[in-house]
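Predicted, not measured: the structure shown is a model, and the values here were computed from it. Letters A, B, ... mirror the listed sequences (proteins, then strands); counts begin at 1.
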There are 2 protein chains.
Amino acid sequence: MNLVVTIMVTTKGCYAMQISSRFSVGVHILSLLAINPNEHHTSEWIAGSVGTNPVIIRRVLGYLKKAGLVHVRAGSGGSTLARELDEITLLDVYRAVEVVEEGKLFHVHDQPNPSCPVGANIETVLQLLLVKAQHAMEGVLEAVTMKELVEVLSNQIKTKSAGE
Amino acid sequence: MNLVVTIMVTTKGCYAMQISSRFSVGVHILSLLAINPNEHHTSEWIAGSVGTNPVIIRRVLGYLKKAGLVHVRAGSGGSTLARELDEITLLDVYRAVEVVEEGKLFHVHDQPNPSCPVGANIETVLQLLLVKAQHAMEGVLEAVTMKELVEVLSNQIKTKSAGE
DNA sequence: TTTAGTTGTAACCATATTAGTTACAACTAG
DNA sequence: CTAGTTGTAACTAATATGGTTACAACTAAA
């Protein structure tokens with residue numbers, strides 16, 4: 001006799017907000033353009049490396065193009081870097097893909113009671129601090145250029161392939 | 001002759017992700033408990049200052065309670081601080097309300113192609129940096145205690161009421 | 001012991017973002 | 001001209017968020 005018991009486990013439970021993967025996809029794209037300069041980088045080719053749909057890539061490319069980070073050839077296809085690697089910081093990419101608005105990482109509740117002393121003053125006091133926190137985070141992104149990131153990436157690629 | 005022109009402007013256009021206002025609501029609640037220690041802080045009373053629904057307040061109070069930051073009296077109602085103000089950092093509140101998971105502020109695309117050198121290595125390289133950025137942000141929150149925040153808040157309240 | 005008021009939750013709802021997908025017009029190089 | 005590509009619009013599914021109603025469980029005070 002065979003007894004098969006199937007237990008369904010729902011992954012649900014503790015989700016929370018996250019900054020859109022548009023950012024990491026953008027970094028991935030720029031890395032590809034830098035590391036394989038001779039490829040014909042169509043959105044389909046890039047999508048194959050990122051592991052997603054070509055349209056997603058075209059959307060992110062649209063942001064990067066709008067920000068002046070890449071050139072995209074319509075028709076014949078293919079993208080190239082529009083700026084030197086050491087002239088692109090991670091913050092540039094982060095801003096390009098518009099994942100978080102300037103000074104608005106934190107959503108502060110916006111209808112506090114103005115006739116309550118705390119309600120009337122909490123917003124400004126908090127906002128000041130939260131913007132500071134946001135800037136600290138963005139400062140780290142600003143301190144790293146795509147050139148540095150690609151160097152680390154290249155080293156890791158070499159190390160790995162050497163280790164095989 | 002009267003000519004009335006109504007122009008509808010949709011606010012839509014440049015939204016982006018934000019960290020839930022549960023955090024700012026949590027800070028608001030703790031400030032109220034600290035500044036008006038003699039009040040009977042029912043969820044309804046607090047909701048009046050925050051400008052929202054009592055259930056929202058009870059939800060956030062649930063998080064704060066779970067984290068050991070407040071005591072909540074069921075039945076008779078009312079909440080009080082469970083810890084000294086200088087023993088509560090903004091990071092404690094932020095963690096309590098579970099707005100962002102540890103090390104997961106950034107969503108990194110998770111199906112890069114392992115047979116592509118870039119795809120196979122980008123995740124680890126990026127993740128390292130992004131966690132660093134997240135920590136920088138959280139470090140700012142950790143450096144501020146509720147005591148400090150309430151002091152700034154109190155001063156601003158005094159200044160304002162004196163200026164009238 | 002009753003009662004009035006409160007908390008803790010579940011169950012909904014509307015809204016918005018995100019990632020993915022299909023479809024197609026416009027474009028471009030050969 | 002044509003094959004292949006980009007740029008976009010339109011749609012979907014999944015999920016988070018903030019708000020709301022409803023109600024059982026609880027507690028203090030009359």
**Message:** Going by the rule side-chain hydrogen bond (donor to acceptor under 3.5 Å, both in side chains), which residues pair with A:Thr52 if we only count those two or more places apart in sequence or in a different chain?
**Reply:** none
**Complete:** side-chain hydrogen bond (donor to acceptor under 3.5 Å, both in side chains) filter on B:Thr124, not counting sequence neighbours, yields A:Gln156
**Complete:** ring pair (Phe, Tyr, Trp, His ring centres under 6.0 Å) pairs touching residues 109-138 of chain B, sequence neighbours excluded, are A:His28-B:His109
**Request:** Ignoring backbone atoms, test whether A:Lys65 places a side-chain nitrogen or oxygen under 4.0 Å from the OP1 or OP2 oxygen of D:dG7.
**Result:** yes
**Asked** Please give, in whole Å, the distance from C:dT18 C1' to A:Met17 CE?
**Response** 12 Å
**Item:** Spacing between A:Ile57 atom CD1 and D:dT8 atom P, to the nearest angstrom
**Value:** 16 Å
**Complete:** Rounded to whole Å, the NE2-P distance (B:His109 to C:dT18) equals 17 Å
**Fill in**
Its contact letters, B for base, S for sugar-phosphate only and - for none at protein heavy atoms under 4.0 Å, make nucleotides 19-30 of chain C read SBBBB---BSS-
**Message:** Does anything in residues 107-134 of chain B form a salt bridge (Lys or Arg N to Asp or Glu O under 4.0 Å)? List the pairs, not counting sequence neighbours.
**Reply:** none
**Asked** Of all residues at least two apart in sequence or in a different chain, which pass the side-chain hydrogen bond (donor to acceptor under 3.5 Å, both in side chains) check with A:His107?
**Response** none
**Asked** Rounded to the nearest Å, what distance is computed from the CD1 atom of residue A:Ile46 to the P atom of nucleotide D:dT6?
**Response** 8 Å
**Prompt:** Heavy atoms under 4.0 Å, any strand shown: does B:Gly78 hit a base, just sugar-phosphate, or nothing?
**Reply:** sugar-phosphate
**Fill in**
side-chain hydrogen bond (donor to acceptor under 3.5 Å, both in side chains) pairs touching residues 61-85 of chain B, sequence neighbours excluded, are B:Lys66-B:Glu98
**Asked** Tell me: CZ of A:Phe106 to C1' of D:dT17, nearest whole Å?
**Response** 17 Å
**Asked** Atom CD1 of A:Ile29 and atom C1' of D:dT6: how far apart are they, to the nearest Å?
**Response** 13 Å
**Within 6.0 Å of CD in B:Glu44, more than 12 heavy atoms from elsewhere** = no
**Item:** Rounded distance (nearest 0.5 Å) linking atom CG of A:Asn53 with atom CD1 of A:Ile57
**Value:** 8.5 Å
**Fill in**
In numerical order, the residues of residues 35-45 of chain A whose heavy atoms come under 4.0 Å of DNA chain C are none
**Contacts of B:Glu138 that satisfy side-chain hydrogen bond (donor to acceptor under 3.5 Å, both in side chains) - sequence neighbours left out** = B:Tyr94, B:Arg95, B:Gln134
